[in-house]
4 protein chains.
Amino acid sequence: MRTKDDDKIAALFGATVKLVNEIGFAASSVSKIAKEAKVSPATLYVYYENKEALLVSTYVEIKRELSQVVLRDFDEGRPIRDTLQIVWRNLFEHISNHLDYFRYMEQFSNSPYTDQVDHARLERFFEPLAQVIQRGIAEKIIKDVDRDILKVFIWHPVMVLANPRLCQGFEMTDKNIEDAFTMAWDAIKL
Amino acid sequence: MRTKDDDKIAALFGATVKLVNEIGFAASSVSKIAKEAKVSPATLYVYYENKEALLVSTYVEIKRELSQVVLRDFDEGRPIRDTLQIVWRNLFEHISNHLDYFRYMEQFSNSPYTDQVDHARLERFFEPLAQVIQRGIAEKIIKDVDRDILKVFIWHPVMVLANPRLCQGFEMTDKNIEDAFTMAWDAIKL
Amino acid sequence: MRTKDDDKIAALFGATVKLVNEIGFAASSVSKIAKEAKVSPATLYVYYENKEALLVSTYVEIKRELSQVVLRDFDEGRPIRDTLQIVWRNLFEHISNHLDYFRYMEQFSNSPYTDQVDHARLERFFEPLAQVIQRGIAEKIIKDVDRDILKVFIWHPVMVLANPRLCQGFEMTDKNIEDAFTMAWDAIKL
Amino acid sequence: MRTKDDDKIAALFGATVKLVNEIGFAASSVSKIAKEAKVSPATLYVYYENKEALLVSTYVEIKRELSQVVLRDFDEGRPIRDTLQIVWRNLFEHISNHLDYFRYMEQFSNSPYTDQVDHARLERFFEPLAQVIQRGIAEKIIKDVDRDILKVFIWHPVMVLANPRLCQGFEMTDKNIEDAFTMAWDAIKL
DNA sequence: GATGAATGAGTGTTCATTCAT
DNA sequence: CATGAATGAACACTCATTCAT
């Protein structure tokens, strides 16, 4: 029965994210995740090959969802700065609503499981953004430097600032968000 | 009686960093660390109260060493941009020579053990830098925004770029390092 | 799925009692108990929350069994002395057949785990006996002294005499048992 | 230097008794005892062959002290009942002053180490008492039953009643002590 | 004599995974 | 499909004892 399957997958997804947030990545064992999702540990292996597959799949799903939200109302016609600012605000809003997703992403990124992810596939989720950047460079609006450097200055600040472990005192007020975007833009613009 | 052996502490420090780099934080067990350091697991407990103490101590030591290297030849008399650039280059050099230290710091930062660190004490290692930033703001050279935001734009890029897991294709060439510093400065300068 | 196995519980119970008798309470480790019961140490944790739960449960089970045997054919109509003598003989017989149970009880009683037992619940197993004593006091057949003192004189002698560690030379002959009962009765009767 | 030796032995004796009372027999490790006695674990092995020797020696010393206190003012001329009552009261007083000794004795008695004690030697400490009993039997004042049975009824009740683990609610008031002695005497007298 | 360092063998417990139903 | 039982391997840590000074 299809419905039931999807329920279980959703339950496992939710349980995984919740547990990683509550007790941390290392302490999130298969049996605890199964208990949280109200299924048997054995059932988990019906849907995923092993623990790694569950964790990787959870990560990819979060990234997929993130790309959809962030690229909502994406319109290439607008000036580049405006486009980026809209994306930045979407990103900020999504983080605020789903801090649990972000904390999962961070912990996953720093685990050995990251190596098992098909990063090229993830990049494709955000392809439109990459093209905007590319256009900005061509039009001499954005600095022509290594793409990784650009990415680090545009996107990482939000992630770091949203991480309570790294920025304990920081508050995500509207002003701070706008300040940060201004600085990101100053960094990359020519 | 036998005397306490600095060699053993050094061996444990080295083994901890090496293992975390090779197999990851979560998989670095006490017995594996002990074996790598060529001591008995029981001996480890002569020098550290428990696993946490070893990991925290290793982290603090890395941070201490980093602060010394980075603040080498520190001279407040220079223009702020120059001061930051020198620090940035020191940081870059240190990262290049000790990528393993940086990977340890990252993994540690995303572990539950981070909460056990006396962060205020660590901040003091880098106090001179904080004062330069402060002066820059007072002299209206640097933007007057939340200090955490400033830190994220000045220091985090290097860390992220140096992380092969996050930036697989990135190469730390001289040009890239200078490009990145220029962008960091553009971000924070008024 | 496999079903929970009463055999395993019985095996763990037996192994626990046997080992405590053979090597002592302190030396009876989880892994040794598991090996004796021919299960994996991990399996033990399917049936009991932890070592303490196993030991406590074993103790309670022995006490429950003891109460059933000792109160067999219990009849309040008989004279009090006769009632106590029957119980005394049942107790003696049970001890003879299950010296291992008694040695387990003793060692458990002197362990820190005793504090975790619900003593009130155990007392209820022997409630009918307490009432006989109570009646004896009311009818001025038994001395009206602190209940603990009564218990010590009626029941403890059997336990101590049955303990080979405390009474190495003692033999539980019929005569000795009757002698001891006579003395217990002389002690408590008015 | 003799003085120093005796200090260390006394410190080890005290530390052993204290720790067994505070954390239990099983949890009293060599290193904890050494730390409590403020000596090195290695020093312990200068004075005792091993842990067992320390524990056994501590037990024997407690028994020796006990025999001295209990037989204080011993006078064979008095009526047997009076003699026993005096001893009983001495015993009660000593227990009250040194509950820690008694708890040590109990825990030791239920440990495997008991088997290593030279019980015959201990019996000799209390020889005068055995002879009084013997005389009581010869004079047909005390029941002529197995000596172990007599011992159990005369001496064990105090020990059990003094054990908070076995008799949680019991209070050692003067009345209770006299009640208990009366019952002990009733049990053994002809 | 006295010590703290050092350790192999063990502790109780949890793990990711598979088995039998 | 779904499950709880079952487990070998590993975990962090402590033990009684010995070694080197």
Side-chain angles (χ1 to χ4, degrees), chain A residues 1-2 4-5 7-8 26-35 38-55, chain B residues 1-9 26-34 38-55, chain C residues 1-9 26-34 38-55, chain D residues 1-2 4-5 7-8 26-35 38-55:
Chain A
M1 198 202 315
R2 291 287 300 151
K4 213 166 183 191
D5 290 2
D7 282 358
K8 293 235 165 68
S28 295
S29 68
V30 166
S31 56
K32 285 179 193 158
I33 291 173
K35 182 172 283 178
K38 289 175 184 163
V39 300
S40 159
T43 303
L44 195 152
Y45 287 84
V46 174
Y47 294 93
Y48 297 98
E49 195 192 334
N50 51 27
K51 188 188 183 184
E52 178 178 310
L54 166 67
L55 295 175
Chain B
M1 59 151 198
R2 300 186 198 164
T3 53
K4 223 160 193 165
D5 195 345
D6 281 350
D7 285 358
K8 292 233 165 65
I9 290 191
S28 295
S29 69
V30 166
S31 58
K32 285 178 193 156
I33 292 173
K38 287 174 185 162
V39 299
S40 155
T43 302
L44 193 153
Y45 289 87
V46 172
Y47 293 89
Y48 297 96
E49 197 190 334
N50 49 30
K51 187 189 185 184
E52 177 178 312
L54 167 66
L55 296 175
Chain C
M1 60 151 197
R2 300 185 198 165
T3 54
K4 223 162 191 162
D5 195 345
D6 280 351
D7 287 357
K8 292 233 164 65
I9 289 191
S28 295
S29 69
V30 165
S31 58
K32 286 178 193 156
I33 291 173
K38 288 172 186 164
V39 299
S40 156
T43 304
L44 194 152
Y45 288 85
V46 173
Y47 293 90
Y48 296 98
E49 197 191 334
N50 50 29
K51 188 189 183 184
E52 177 178 311
L54 166 66
L55 296 175
Chain D
M1 203 202 313
R2 292 285 302 151
K4 214 166 182 190
D5 290 2
D7 282 358
K8 293 234 164 70
S28 295
S29 68
V30 165
S31 56
K32 286 178 193 158
I33 292 173
K35 182 174 285 180
K38 289 172 185 165
V39 299
S40 159
T43 304
L44 195 151
Y45 288 83
V46 173
Y47 294 92
Y48 298 98
E49 195 192 335
N50 52 27
K51 188 189 185 184
E52 179 179 307
L54 167 66
L55 296 175

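Basis for what follows: all heavy atoms, side chains included, without hydrogens, waters or symmetry-related copies. Chain naming here is simple, since letters A, B, ... match the order of the sequence lines and numbering starts at 1 in each.
- Close to F:dA5, at under 4.0 Å from its OP1 or OP2, lies no side-chain N or O of C:Lys8.
- Both B:Leu44 and C:Ser29 sit near DNA chain E, but only B:Leu44 has its closest nucleotide nearer the 5' end.
- In DNA chain F, consecutive stretches of 3 or more Watson-Crick or G-U wobble pairs with both distances under 3.5 Å are given as paired ranges: E:2-21 with F:2-21.
- Put simply, NZ on C:Lys51 is 8 Å from C1' on E:dG12, counting in whole angstrom units.
- Residues B:Ile33 and B:Ser28 come closest through the heavy atom pair CD1-O, 4.0 Å.
- For B:Val30, the listed nucleotide lying nearest its side chain is F:dC13; candidates were F:dC13, E:dG4, F:dA16.
- Following rounding to the nearest Å, B:Asp7 (CG) and E:dA6 (P) show an atom-to-atom distance of 10 Å.
- At whole-Å resolution of the value, OH in A:Tyr45 and P in F:dG4 are 15 Å apart.
- Comparing E:dC15, E:dT13, E:dT17 by their nearest atom to the side chain of C:Asn50 picks out E:dT13.
- One interatomic measurement links the two molecules: CD1 of A:Ile33 to P of E:dC15, which rounds to 10 Å at whole-angstrom precision.
- Across all strands shown, A:Lys32 has heavy atoms under 4.0 Å from sugar-phosphate atoms exclusively, and none from any base.
- Looking at which nucleotide of DNA chain E each of C:Ser31 and B:Lys38 is closest to, the 5′-most match is held by B:Lys38.
- In this structure, of F:dT17, E:dA5, F:dC13, it is E:dA5 that holds the atom nearest to the side chain of B:Val46.
- Between E:dA2, E:dT14, F:dC15, one nucleotide has an atom nearer to the side chain of D:Tyr47 than all others, and that is E:dA2.
- Residue A:Glu52 contributes atom CD, which lies 9 Å from atom P of E:dT17 at whole-angstrom precision.
- The OH atom of B:Tyr48 sits 13 Å away from the P atom of E:dA6 (whole-angstrom rounding).
- Checking F:dT17, F:dT7, E:dT17 against every side-chain atom of A:Pro41, the shortest atom distance belongs to E:dT17.
- In this structure, C:Ile9 places its CD1 atom 14 Å from C1' of F:dA6, rounding to the nearest Å.
- As a whole-Å value, the separation of D:Glu49 CD from F:dA16 P is 16 Å.
- Across all strands shown, A:Thr43 has heavy atoms under 4.0 Å from base atoms, whether or not it also approaches the sugar-phosphate.
- One finds the OH atom of D:Tyr47 at 13.0 Å from the CG atom of D:Leu54 (value rounded to the nearest 0.5 Å).
- What you find for C:Tyr45 and C:Val30 is that their closest heavy atoms are OH-CG2, 3.9 Å.
- Taking every heavy atom of both residues into account, C:Tyr48 and C:Ile9 meet most closely at OH-CG2, 3.8 Å.
- Qualifying side-chain contact (heavy atoms from CB on, under 4.5 Å) partners for B:Ala42, counting only residues two or more places apart in sequence or in other chains: B:Ser40.
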